[in-house]
Protein chains: 2
Amino acid sequence: MTTPSTVQRIEMVLTEEISVGELTPGVRLDEARLAERFGVSRTPIREALNRLTAQGILVAGEKRGVFVAEYSREELSQIFEAMHEIEAACARIASQRLNLLSRAEIEHAQSECLAAAQSGDRAGYLRANEAFHMAIYKATGNPYMAEIATEFRRRTGPFRAKKFATAQDLIDSAESHRDLIENIFSEDSTTASNGMRSHMTASFVQTLKVN
Amino acid sequence: MTTPSTVQRIEMVLTEEISVGELTPGVRLDEARLAERFGVSRTPIREALNRLTAQGILVAGEKRGVFVAEYSREELSQIFEAMHEIEAACARIASQRLNLLSRAEIEHAQSECLAAAQSGDRAGYLRANEAFHMAIYKATGNPYMAEIATEFRRRTGPFRAKKFATAQDLIDSAESHRDLIENIFSEDSTTASNGMRSHMTASFVQTLKVN
DNA sequence: ACTTTTTGTTTTGTATACAAAATAGTGGCC
DNA sequence: GGCCACTATTTTGTATACAAAACAAAAAGT
């Protein structure tokens with residue numbers, strides 16, 4: 001692993017804090033404060049904020065500062081529609097490229113999800129769930145598909161996270177992975193993408209309830 | 001139309017030069033030289049380069065400068081696969097949301113394509129063709145889908161442009177739009193996405209020949 | 001002649017300084 | 001007391017300065 005540069009480090013920390021929910025949508029990010037906090041000048045801070053803005057995690061107004069992106073229900077619906085399509089495409093491609101390794105990685109990620117869900121570890125489940133979907137992205141063998149899928153995942157992270165309120169929510173989510181895996185492992189592209197579509201739709205229904 | 005800021009202007013100019021082919025893949029972009037050329041300091045240049053890097057149009061090495069992205073055949077194949085999926089998804093959504101306006105806009109863009117093709121105006125056709133696909137993106141009613149589709153279009157621009165060598169190439173391309181429009185206007189999502197898939201596949205076959 | 005080391009130059013990354021714009025705060029006015 | 005204008009302060013955007021790393025070139029050694 002190559003040592004991350006200063007701005008990559010800042011980028012990672014902020015991304016993490018947003019996905020965890022420490023920085024909530026609508027919050028303003030003050031360059032000067034961040035500079036002081038990270039012990040650097042404003043220059044690398046601005047660079048990191050720029051990159052995060054390009055990823056859609058932050059939004060920037062004209063001479064008006066940078067904010068954690070917040071979306072209306074309408075916008076959220078559009079983002080989820082796009083994510084829905086991309087996830088379905090990933091499932092489709094993955095189903096056609098499965099091999100022993102990718103199957104094992106998906107299964108492994110799923111077992112981590114179940115473990116976290118059963119022990120009621122919310123933060124652990126969030127991580128495991130992301131890893132599960134990442135395993136599917138990786139199974140596509142296509143880093144470009146994986147990249148955009150990951151980007152949407154990050155953008156919607158703060159909103160999706162809210163839907164895991166009770167321990168039962170975690171278990172329900174983990175169990176719904178079971179069908180999805182079966183559909184993808186069928187190696188039939190239509191079955192796989194439809195499986196993902198219904199998984200994503202269910203996820204969005206839950207998400208809309210809490211946003 | 002809001003007046004573009006300095007860095008937006010730089011971004012637009014560079015994007016244009018890359019898509020036109022004035023700046024070819026692999027070329028290094030010198031910050032100092034660009035600063036001098038645009039009559040600004042290195043700071044806004046760096047910001048623009050950063051944004052373009054985030055969009056995948058440029059690639060940046062560690063302390064090694066910024067280059068116009070160049071892709072191997074393998075990478076090109078992966079990018080086109082992703083683009084293929086996204087375009088198909090756009091066609092799918094657009095077919096479900098068509099209205100009088102979006103139909104008209106798509107037809108209008110197509111007539112511009114035909115006009116440019118018939119008069120052998122290569123540069124004009126490139127623009128018109130982009131506008132045609134943009135009209136489909138717009139017809140999705142989903143700015144997020146449109147955004148990623150546009151991004152892929154920009155990334156692949158320099159490679160796709162090469163395939164239009166003769167006047168006949170333009171005419172062939174414009175005529176192949178005809179079927180695509182019919183498929184999308186059928187308002188059947190499967191027909192629409194399959195139509196786009198075959199259009200994109202044909203496009204990629206031609207692209208691979210010249211890359 | 002070829003490799004390797006050393007030196008000099010270019011170029012990136014970061015810090016600091018400054019100008020212009022936006023926001024907040026104060027005082028005057030109705 | 002509430003509203004508007006004006007000033008002060010903060011904050012963004014850009015320019016400049018400097019340190020460190022990469023690159024190129026020349027010199028020394030084998």
Side-chain angles (χ1 to χ4, degrees), chain A residues 1-18 22-72 155, chain B residues 1-18 22-72 155:
Chain A
M1 204 67 143
T2 59
T3 287
S5 74
T6 307
V7 357
Q8 281 175 327
R9 212 198 51 201
I10 297 167
E11 207 181 329
M12 283 173 54
V13 171
L14 291 179
T15 302
E16 177 66 17
E17 290 189 357
I18 290 169
E22 205 162 328
L23 288 168
T24 55
V27 169
R28 178 159 163 281
L29 295 179
D30 189 82
E31 294 177 3
R33 245 173 266 280
L34 288 172
E36 195 178 8
R37 184 184 142 196
F38 284 99
V40 295
S41 81
R42 272 176 56 219
T43 311
I45 296 290
R46 277 178 69 87
E47 204 164 313
L49 294 183
N50 254 313
R51 291 195 194 177
L52 294 174
T53 300
Q55 284 175 38
I57 300 175
L58 304 180
V59 287
E62 198 81 356
K63 290 225 175 206
R64 211 169 276 205
V66 179
F67 305 83
V68 179
E70 64 182 339
Y71 300 108
S72 66
R155 277 171 97 157
Chain B
M1 204 68 136
T2 58
T3 289
S5 73
T6 307
V7 355
Q8 281 176 326
R9 213 198 52 205
I10 297 167
E11 205 181 329
M12 283 174 55
V13 172
L14 291 178
T15 302
E16 177 66 15
E17 291 189 355
I18 291 169
E22 206 162 326
L23 288 167
T24 55
V27 169
R28 179 160 162 279
L29 295 179
D30 190 81
E31 293 178 5
R33 246 174 264 282
L34 288 173
E36 195 178 9
R37 185 185 141 196
F38 284 99
V40 295
S41 80
R42 272 177 56 220
T43 312
I45 297 291
R46 277 178 69 88
E47 204 165 313
L49 294 183
N50 253 311
R51 291 195 195 177
L52 294 173
T53 301
Q55 284 176 40
I57 299 174
L58 305 178
V59 288
E62 198 82 356
K63 288 224 176 206
R64 212 170 279 215
V66 178
F67 305 83
V68 180
E70 65 183 339
Y71 301 108
S72 67
R155 277 172 98 154

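Source: prediction; values computed, not measured.
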**Q** Closer to the 5' end of DNA chain C via nearest nucleotide, is it A/Pro44 or A/Arg64?
**A** A/Pro44
**Q** Of the options B/Thr6, B/Val7, B/Val13, which is the one that meets B/Phe38 in a side chain to side chain contact (heavy atoms under 4.5 Å, CB included)?
**A**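 Going through the options one by one, the only one that passes is B/Val13.
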**Q** Roughly how far, to the nearest 0.5 Å, is CG of A/Asp30 from CD of A/Glu36?
**A**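 CG of A/Asp30 is found 10.0 Å from CD of A/Glu36.
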**Q** Give B/Ser5 one of three labels, base, sugar-phosphate or nothing, depending on what nucleic acid heavy atoms sit under 4.0 Å from its own.
**A**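 No contact.
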**Q** From CG of A/Asp30 over to C1' of C/dA22, roughly how many Å is that when rounded to an integer?
**A** 14 Å
**Q** Could you go through the side-chain contact (heavy atoms from CB on, under 4.5 Å) check for B/Val40 and B/Ile45 one step at a time?
**A** CA-CA 8 Å; B/Val40 295; B/Ile45 297 291; 4.0 Å; yes
**Q** For residues B/Gly56 and B/Ala69, report the shortest heavy-atom separation together with the two atoms involved.
**A**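 For B/Gly56 versus B/Ala69, the nearest heavy atoms are O-CB, 3.6 Å.
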**Q** Could you report the tightest heavy-atom contact between B/Pro25 and B/Glu70, atom names first, then the distance?
**A** CB-CB, 3.5 Å
**Q** With nearest nucleotides of DNA chain C determined for B/Arg33 and B/Thr43 from heavy-atom distances, which residue corresponds to the more 5′ nucleotide?
**A**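 Per heavy-atom nearest nucleotide, the more 5' residue is B/Arg33.
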**Q** Going 5' to 3' along DNA chain D, which are the first and last nucleotides with any atom under 4.0 Å from a heavy atom of chain A?
**A**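 Contact boundaries, 5' end first: D/dT11 to D/dT14.
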**Q** Can you tell me the distance, in whole Å, between the CD atom of A/Glu31 and the C1' atom of C/dA21?
**A** 14 Å
**Q** Among B/Asn50, B/Leu29, B/Leu14, B/Leu23, find the residue that satisfies the side chain to side chain contact (heavy atoms under 4.5 Å, CB included) test when tested with B/Leu58.
**A**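 Of the listed residues B/Asn50, B/Leu29, B/Leu14, B/Leu23, the side chain to side chain contact (heavy atoms under 4.5 Å, CB included) partner of B/Leu58 is B/Leu29.
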**Q** Give A/Arg42 one of three labels, base, sugar-phosphate or nothing, depending on what nucleic acid heavy atoms sit under 4.0 Å from its own.
**A** base
